[in-house]
Protein chains: 2
Amino acid sequence: MEKQTVTIYDVAREASVSMATVSRVVNGNPNVKPATRKKVLEVIDRLDYRPNAVARGLASKKTTTVGVIIPDVTNIYFSSLARGIDDVAMMYKYNIILTNSDENGGKEVQVLNTLMAKQVDGIIFMGNQVTDELREEFRRSKAPVVLAGSVDAQKTQPSVNIDYVAAVAEAVKSLIDHGNRKIAFVSGSMDQTINHDYRLKGYKKALKDAGISYDDKLVFETDYTYKAGQSLEPALAAAGATAAFVGDDELAAGVMNGLTDAGVSVPEDFEVITSNDTKLTELVRPKMSSITQPLYDIGAVAMRLLTKLMNNENVDENTVILPYGLMKRSSTK
Amino acid sequence: MEKQTVTIYDVAREASVSMATVSRVVNGNPNVKPATRKKVLEVIDRLDYRPNAVARGLASKKTTTVGVIIPDVTNIYFSSLARGIDDVAMMYKYNIILTNSDENGGKEVQVLNTLMAKQVDGIIFMGNQVTDELREEFRRSKAPVVLAGSVDAQKTQPSVNIDYVAAVAEAVKSLIDHGNRKIAFVSGSMDQTINHDYRLKGYKKALKDAGISYDDKLVFETDYTYKAGQSLEPALAAAGATAAFVGDDELAAGVMNGLTDAGVSVPEDFEVITSNDTKLTELVRPKMSSITQPLYDIGAVAMRLLTKLMNNENVDENTVILPYGLMKRSSTK
DNA sequence: CGCAAGATTGAAAACGCTTTCACATCAAAG
DNA sequence: CTTTGATGTGAAAGCGTTTTCAATCTTGCG
């Protein structure tokens, strides 16, 4: 009992016009006499005809779907971007093929290839380690690729981000202004461009501006997980830190809770400022001060930029920088 | 400078075989002489041929992509399921077209239609208000549909869930066992089957078993948002509740924080137990006691079930119920 | 009324692959 | 050597659209 499918041919026959005409009305081509259009529309309605997007994709070489590579949907930072991406994608009639990469280079390359095989019209990439191999795949791709909330050391791809260096510098400066001299820098892998080339740079800049010397014993490279943060307290104490800048909200929540559990009170004895301003910052107690980022917008703008690229519209600025801010909550004085 | 694409025809020509043969080696069909296979493989490699999945989809009537309808990726409960879905999808070589529905009936129907137009091989639906119209769409769909972490009053679709009635009953019973008599039931819209037909039923059952009479003043119908929970304290106090069962973790975090902010200490003065065991339960302080659910597995099993359905394998049980548990943390005594 | 310029339409060729069916080949058996 | 049953292979017909190009209608105008 395979369900029967109605094709454009059936409609053409029933309406006694050609497939071409049906195609025209379906696609809103204006070169159709109103009377014919009406007739065709009626048949379409009567037969409940629904165009087959795959056939259309083959014939037109456009699939109206874009690939989205995300480290992990479960991470609120990225899912917030994804939400922005999907909303504007829908607005422009695109669909999203979403795949988790775990920031695993091999998987990323593989995923990229299957996306290209599926003939996506464009790709949005999230992830902060653009390997040479990956960059090579981007280049060979006929579909435009834009990075969202993600940086590439060689700035070769269109991207949407905030000014991480300035944001981190400002965040760290606020810590310094509160009298802290030993400020920990806590983040994920230093292999990630965003940590190594941006955040750390901002951190160093703030220190330098304040005349504090940089000490790599205060740099903690760890996982972006709650657990990792939670178990950091002893190390933080050992290093004599009195405050910390943290590169991820979940990680920061871990750090804070680990501190609190160890009897260190935040922000009195230890200040914490985090990076992403996800809703986690409001859930934990004390609420976390954070760099603020227009998460949804980063995704939305990235997708919007991608639509332009896919349309071959020329864009004035390929790498867009959105504004950031600083939100003081209760994890800092 | 359109990038040139290599087709199966090019490979056939270069290898001096027919397209059929190339197709066979690409698809691992065993009826190819090893020598020919080798020859073809070499050409494929040399020309860097990548099969066009759209053309393949048109010819074979299989797209190896499934649609996933999710209320909001940003909600950790659902994104956890989505992660499970994507992982097993990848395992079985499927891709995921992900769309947010906001549990908006109209949008759901529309999305469903575009998914069907894209010829997805199957659909995973998350959302708890299956309207008649939606159910009708499911029925007319030639692709199988399975519900993940979502229930339909008419149990007509394959689905993967836990036993919500029993789980809630048990959770509420634990609250009763701690001496509470006035237990609030806090959840999202009562229009949602899961709240109305399952959770509330479990709640009532627990009350009844304990000989406590049901009082609808203790039922709080609200949004699934942190904010909604946070502002609930006055109402909770007014109703004289000393404990609450909450249907969503983010909402529960709000409730708890609202309580705490109002000077009510949890769990001493007020106990809270939540439903989804997402990572939020561990982030907040006190950590939240919760019904535990195998979130990732619900998604994974749903996807696995879908693969079987797509293959027309016959499955013994269309509606699978996964085990739940109760995790005592610090928001209950 | 005649004609050029649009405005509408249709025929048919792609699009890049899978799949059916028939044909050719080959090794083993008689 | 034939015969036979596998085994390998190719030709060609789809799959359901879009799109090009030419053909056919309509108009407005002189």
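Just so it is clear, the values below take in all heavy atoms, side chains as well, and ignore hydrogens, waters and symmetry mates. All values derive from a computational prediction rather than experimental measurement.
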Applying salt bridge (Lys or Arg N to Asp or Glu O under 4.0 Å), which residue pairs with at least one partner in residues 30-40 of chain A are found, sequence neighbours left out? A/Lys38-A/Glu42

Report the distance from atom CG of A/Asn318 to atom NZ of A/Lys155, rounding to the nearest 0.5 Å. 14.0 Å

With no hydrogens and no angle check, is any side-chain donor or acceptor of B/Thr307 less than 3.5 Å from a backbone partner on B/Leu305? no

CG/B/Asp10 to CD1/B/Ile44 distance, rounded to the nearest 0.5 angstrom? 11.5 Å

Supply the atom-to-atom distance B/Asn75 CG to A/Ile76 CD1, rounded to the nearest 0.5 angstrom. 9.0 Å

Report for the helix from C/dC1-D/dG30 to C/dG30-D/dC1: angle between first-end and last-end helix axes, five pairs each, rounded to 10 degrees. 40°

Ring pair (Phe, Tyr, Trp, His ring centres under 6.0 Å) contacts in which one or both residues fall within residues 104-134 of chain B, not counting sequence neighbours: B/Phe125-B/Phe138

Indicate whether OP1 or OP2 belonging to D/dG10 is found under 4.0 Å from a side-chain N or O atom of B/Thr21. yes

Which residues pass the side chain to side chain contact (heavy atoms under 4.5 Å, CB included) test with A/Asp48, sequence neighbours left out? A/Arg50, B/Arg140

Applied to residues 56-69 of chain B, the salt bridge (Lys or Arg N to Asp or Glu O under 4.0 Å) test, sequence neighbours excluded, yields none

Quick test: give all pairs of protein nitrogen or oxygen and nucleotides 21-28 of chain D nitrogen or oxygen below 3.5 Å, distance rounded to 0.1 Å.
none

Which pairs pass salt bridge (Lys or Arg N to Asp or Glu O under 4.0 Å) with one or both residues in residues 119-128 of chain B, sequence neighbours excluded? none

Which of these passes side-chain contact (heavy atoms from CB on, under 4.5 Å) with A/Ile123: A/Val111, A/Val145, A/Val146? A/Val145

For DNA chain C, which residues in residues 51-62 of chain B have a heavy atom at a distance below 4.0 Å? B/Pro51, B/Asn52, B/Ala55, B/Arg56, B/Ala59, B/Ser60

Below 4.5 Å, heavy atoms only, C-beta onward: do A/Leu134 and A/Val109 meet side chain to side chain? yes

Going 5' to 3' along DNA chain C, between which two nucleotides do contacts with chain A fall, using a heavy-atom cut-off of 4.0 Å? C/dT8 to C/dG16

Per the under-4.0 Å heavy-atom filter, residues of residues 36-44 of chain A near DNA chain C come out as A/Thr36

Expected list for residues 7-20 of chain A near DNA chain C, using heavy atoms below 4.0 Å, is A/Ser16, A/Val17, A/Ser18, A/Ala20

Counting heavy atoms not belonging to A/Glu133, are there more than 12 under 6.0 Å from its CD? no

Going from OG1 on A/Thr114 to CD1 on A/Ile97, what distance comes out if it is rounded to the nearest 0.5 angstrom? 7.0 Å

Are B/Val130 and B/Thr193 close enough, and set up right, to give a side-chain contact (heavy atoms from CB on, under 4.5 Å), and what steps lead you there? CA-CA 8 Å; B/Val130 180; B/Thr193 305; over 6 Å; no

Exercise answer: donor-acceptor pairs, residues 65-73 of chain A side-chain atoms, under 3.5 Å, sequence neighbours excluded:
unit_1: A/Asp72; atom_1: OD1; unit_2: A/Thr74; atom_2: N; d: 3.0
unit_1: A/Asp72; atom_1: OD1; unit_2: B/Arg83; atom_2: NH1; d: 3.2

Spacing of B/Ile194 atom CD1 and B/Asp152 atom CG [to the nearest 0.5 Å]: 12.0 Å

Point-to-point distance, once rounded to the nearest 0.5 Å, from CD of B/Gln129 to OG of B/Ser189: 5.0 Å

Counting only side-chain N and O atoms of B/Asn31, is one of them less than 4.0 Å from OP1 or OP2 of D/dT9? no

